[in-house]
Amino acid sequence: MTPGSGDGTNAGQSPSAEPETPAAPVSRSDELRAQIAASEPERTVRCSIPSRLEMLTAVDQLTQSILQHIDCDDDSAAAIATSVIEAGTNAIQHGHRTRSEAPVDFTFHLGEHVIDIWVEDRGPGFDLDEALAIDPTSPAGLLDSHGRGIFIMRAMMDQVDFEIRDGEGVVVHLRKRYRPHTAS
Amino acid sequence: MKVRQEIVGGAAIVRLSGQLMGGPEAETVRETIQTLLEQGHRNLLVDLGEVSWVNSTGLGLLISSHLLAANHAGVLRLVGMSKRIRDILTVTRLDTVFQVYDDEQTALASFQV
């Protein structure tokens, strides 16, 4: 990544940093994720998979285990698991395409009745405005076999953010609050 | 993804198991449906009872199969899906495109009307 490029900020860099040894820019998603992982490592789970759709089965099993561990209610659990799969699908199919060796990284942070998930690829990025303009529930969109991934994530999660790093990868941040299963 | 087919009365049942997520395995589903239509079957029932999850690519496969059936003057209906899969159909409003049944008997009976 070119220093100072993309959507991220340069938080953490001193204004007097030597230009010949620039630190990699730190995006807001990266910064938040790093802060959380550093401050609460006992609440952070990570995994990395190669870009193959069948590997999403392992990610789903991990997600199910985490959701069971945090006692997540059934409705939220279904929404979270589905959204994680959608983010992974996008990373593999649209981020890496034929680069099956490129890793997709998943980071889960287990908060107090809230879960944050980051899904990161190394792909070229995409036009977010164009993707958001798609309405798969319109009469024409209903019978289109493409274009539902982001819509599904946004419909099912409380918050969905995209960090598109100008040709150097995409980080999707998903957040959802949940009720304890035992209270539902 | 495993694909099995069964002819029951006037309907062809396509039983799927595993995860419906696109990729080469999912092409088997499309090919199975194409073959059934070419064999003259017009009432197709896709059994999702053993499918643990569907992603947006899998939904696309169901839509293209639905359109394929319609182009052959056939119908494709769904049966046996989990709450997780039903939720994704509801969110995407694809429950207005597909006729969805809870049990196979009712689904098969729907073809007789």
Side-chain angles (χ1 to χ4, degrees), chain A residues 49 51-64 67 72-94 96-98 100 119 131 134-157 160, chain B residues 1-3 16-31 33-34 46 48 50-72 74-76 78 81-100:
Chain A
I49 61 168
S51 285
R52 299 205 307 269
L53 282 173
E54 65 269 24
M55 295 304 297
L56 291 174
T57 302
V59 174
D60 190 65
Q61 289 171 350
L62 173 64
T63 306
Q64 298 289 350
L67 294 170
C72 182
D73 67 277
D74 290 344
D75 286 344
S76 299
I80 292 164
T82 294
S83 298
V84 170
I85 289 297
E86 282 308 323
T89 299
N90 275 354
I92 292 169
Q93 291 194 318
H94 305 298
H96 295 155
R97 298 177 188 169
T98 59
S100 61
V119 180
I134 297 172
D135 179 5
T137 64
S138 68
L142 272 178
L143 294 179
D144 193 327
S145 57
H146 300 93
R148 287 182 175 77
I150 291 176
F151 179 89
I152 289 168
M153 286 186 274
R154 296 181 75 211
M156 291 190 157
M157 300 299 282
V160 181
Chain B
M1 167 65 59
K2 290 182 182 172
V3 184
L16 308 182
S17 58
Q19 297 79 36
L20 188 54
M21 58 180 163
E25 288 186 349
E27 281 306 308
T28 309
V29 179
R30 201 190 317 268
E31 288 166 7
I33 288 169
Q34 172 89 42
V46 177
L48 299 169
E50 294 182 16
V51 174
S52 51
W53 50 262
V54 174
N55 66 1
S56 55
T57 313
L59 289 178
L61 173 67
L62 290 177
I63 292 165
S64 61
S65 298
H66 165 78
L67 294 174
L68 189 62
N71 286 339
H72 285 75
V75 292
L76 185 149
L78 307 177
M81 61 183 62
S82 65
K83 181 183 181 304
R84 179 171 170 182
I85 299 176
R86 197 177 275 270
D87 283 353
I88 200 171
L89 281 188
T90 302
V91 159
T92 55
R93 296 190 194 166
L94 287 175
D95 56 351
T96 65
V97 172
F98 292 101
Q99 290 189 37
V100 178

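Proteins get letters first, then strands, A, B, ... in listed order; numbering begins at 1 in each.
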Gap between atom [atom2] of [Y] and atom [atom1] of [X] - 0.5 Å precision:
X	Y	atom1	atom2	value
A:Thr82	B:Ile85	OG1	CD1	9.0 Å
A:Glu86	B:Thr57	CD	OG1	7.0 Å
A:Asp144	B:Ser64	CG	OG	10.5 Å

Task: Segment of B:Ser52 engaging chain A (4.5 angstrom heavy-atom cut-off) - done: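 Contact with chain A involves no heavy atom of B:Ser52 at all.
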- [ ] Go through the atoms of B:Val97 and report whether side chain, backbone, both or neither lie under 4.5 Å from a heavy atom of chain A.
- [x]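 It is the side chain, since no backbone atom gets that close.
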TODO: Locate the shortest heavy-atom distance separating B:Asp87 from A:Ala78; write the atom from each residue and the value.
DONE: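 That would be OD2-CB, 4.0 Å.
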- [ ] Compare every heavy atom of B:Leu94 with every heavy atom of A:Leu142, then report the nearest pair and how far apart it is.
- [x]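 Closest heavy-atom pair between A:Leu142 and B:Leu94: O-CD2, 3.5 Å.
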Is there side-chain contact between [X] and [Y], with heavy atoms separated by less than 4.5 Å?
X	Y	value
A:Arg148	B:Ile88	no
B:Val91	A:Met156	yes
B:Met21	A:Thr57	yes
A:Ile152	B:Thr92	yes
A:Ile85	B:Gln19	no

How about [X]: does its [atom1] atom have over 12 heavy atoms from other parts shown lying under 6.0 Å from it?
X	atom1	result
A:Arg154	CZ	no
B:Lys83	NZ	yes
A:His146	NE2	no

With a 4.5 angstrom heavy-atom cut-off, is it the side chain or the backbone of [X] that approaches chain B, or both, or neither?
X	value
A:Gln61	neither
A:Ala79	neither
A:Leu56	both
A:Gln93	side chain

Task: Partner set under salt bridge (Lys or Arg N to Asp or Glu O under 4.0 Å) for B:Arg30, not counting sequence neighbours - done: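 Counting only residues at least two positions away or on another chain, B:Arg30 forms a salt bridge (Lys or Arg N to Asp or Glu O under 4.0 Å) with B:Glu27.
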Open item on the list: Tell me every residue that passes side-chain contact (heavy atoms from CB on, under 4.5 Å) with B:Val3, counting only those two or more places apart in sequence or in another chain.
Closed with: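 Testing B:Val3 for side-chain contact (heavy atoms from CB on, under 4.5 Å), a comparison that skips the adjacent residues, returns B:Met1, B:Val14, B:Leu16, B:Thr28, B:Val29, B:Thr32.
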